[in-house]
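What you see below is based on every heavy atom in this structure, not just the backbone, and it leaves out hydrogens, waters and symmetry mates.
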Amino acid sequence: MEEKFTAAWAEARAKAETLGIRMRPVAPQDAMKTARRVLSGTRLSDGFNALQHCGHLELSLEALAVDKRFTALFTDEQANEALVRLLEAGYQF
């Protein structure tokens with residue numbers, strides 16, 4: 001499941017780049033550690049505000065974290081943080 005998440009996150013970052021949104025690259029071996037760290041803190045993921053501005057929050061780390069395919073990879077606190085960020089940004093599920 002971690003490999004699928006890593007691939008989905010890389011694909012989302014690539015799609016964001018086609019929209020002109022630059023995100024930091026994440027090495028596949030560091031993807032889960034990075035995702036969990038970002039969702040455990042108070043800082044938004046790279047590109048979150050830009051993705052919100054162009055109406056593509058579905059490409060954010062937060063959206064992937066609450067995707068039913070990947071929720072088991074995160075603690076309840078991390079998933080809740082992702083959900084709160086998305087709801088506060090007006091994300092439509």
Student: Kindly compute the distance separating CG (L51) from CD (E58), expressed to the nearest 0.5 Å.
Tutor: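 So the CG of L51 and the CD of E58 are separated by 8.0 Å.
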Student: How about L86 and F48: do any of their side-chain heavy atoms sit closer than 4.5 Å?
Tutor: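 When only atoms from C-beta onward are counted, F48 and L86 do touch, with a gap below 4.5 Å.
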Student: Using every non-hydrogen atom in the two residues, find where A79 and V66 come nearest and quote the distance to one decimal.
Tutor: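 Looks like O-CG1, 3.7 Å.
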Student: With a 4.0 Å cut-off on N to O distance, would you call E11 and K15 a salt bridge?
Tutor: yes
Student: Using atom types as modelled and distance alone, determine if a side-chain donor or acceptor of D30 lies under 3.5 Å from a backbone N or O of V26.
Tutor: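 Pair absent, no side-chain N/O of D30 close to backbone of V26.
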Student: Flag the pair R36 / L73 as yes when at least one side-chain heavy-atom distance between them is below 4.5 Å, and no otherwise.
Tutor: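 They are in contact (side-chain heavy atoms under 4.5 Å apart), so the answer is yes.
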Student: Of all the heavy-atom pairs spanning T6 and A31, show the shortest one and how long it is.
Tutor: OG1-CB, 3.5 Å
Student: Side chains of K4 and F70: closer than 4.5 Å at any heavy-atom pair?
Tutor: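 The answer is yes, as the side chains (C-beta and beyond) meet within the 4.5 Å cut-off.
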Student: Would you say L57 ends up clustered with L19 if hydrophobic residues are merged whenever their side chains have heavy atoms under 4.5 Å apart, either directly or through other cluster members?
Tutor: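 Looking at the clustering, L57 is in the same group as L19.
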Student: Do L64 and F74 touch side chain to side chain, with heavy atoms closer than 4.5 Å?
Tutor: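 Side-chain contact under 4.5 Å: no.
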Student: Are Q52 and L44 packed together at the side-chain level, in the sense that at least one heavy-atom pair is separated by less than 4.5 angstrom?
Tutor: no
Student: Answer yes if W9 and V38 sit in the same cluster of Ile, Leu, Val, Met, Phe, Trp and Tyr residues linked by side chain heavy atoms under 4.5 Å apart, and no otherwise.
Tutor: yes
Student: Rounded at 0.5 Å granularity, tell me how far CG in L61 sits from OG1 in T34.
Tutor: 9.5 Å
Student: A quick test of your reading: do over 12 heavy atoms of other residues, nucleotides or ligands sit less than 6.0 Å from CD of E3?
Tutor: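 Counting neighbours around CD of E3, 12 or fewer heavy atoms of other residues, nucleotides or ligands fall under 6.0 Å, so no.
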Student: Drop me the distance from E88's CD to L83's CG, to the nearest 0.5 angstrom.
Tutor: 10.0 Å
Student: Any side-chain heavy atom of I21 within less than 4.5 Å of one from L59?
Tutor: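 I21 does not reach L59 side chain to side chain.
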Student: For E81 and R85: C-alpha separation, side-chain torsions, deciding distance, then whether salt bridge (Lys or Arg N to Asp or Glu O under 4.0 Å) applies.
Tutor: CA-CA 6 Å; E81 180 62 28; R85 292 176 189 180; 2.9 Å; yes
Student: Check whether any side-chain heavy atom of L87 sits under 4.5 Å from a side-chain heavy atom of F93, and report yes or no.
Tutor: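 Touching, per the 4.5 Å side-chain cut-off.
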Student: Between atom CD of E62 and atom CD of Q78, what is the distance when rounded to the nearest 0.5 Å?
Tutor: 11.5 Å
Student: Return yes when atom CZ of R24 has more than 12 non-hydrogen atoms of other residues, nucleotides or ligands closer than 6.0 Å, and no otherwise.
Tutor: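 No, because the 6.0 Å sphere around CZ of R24 holds 12 heavy atoms or fewer from other groups.
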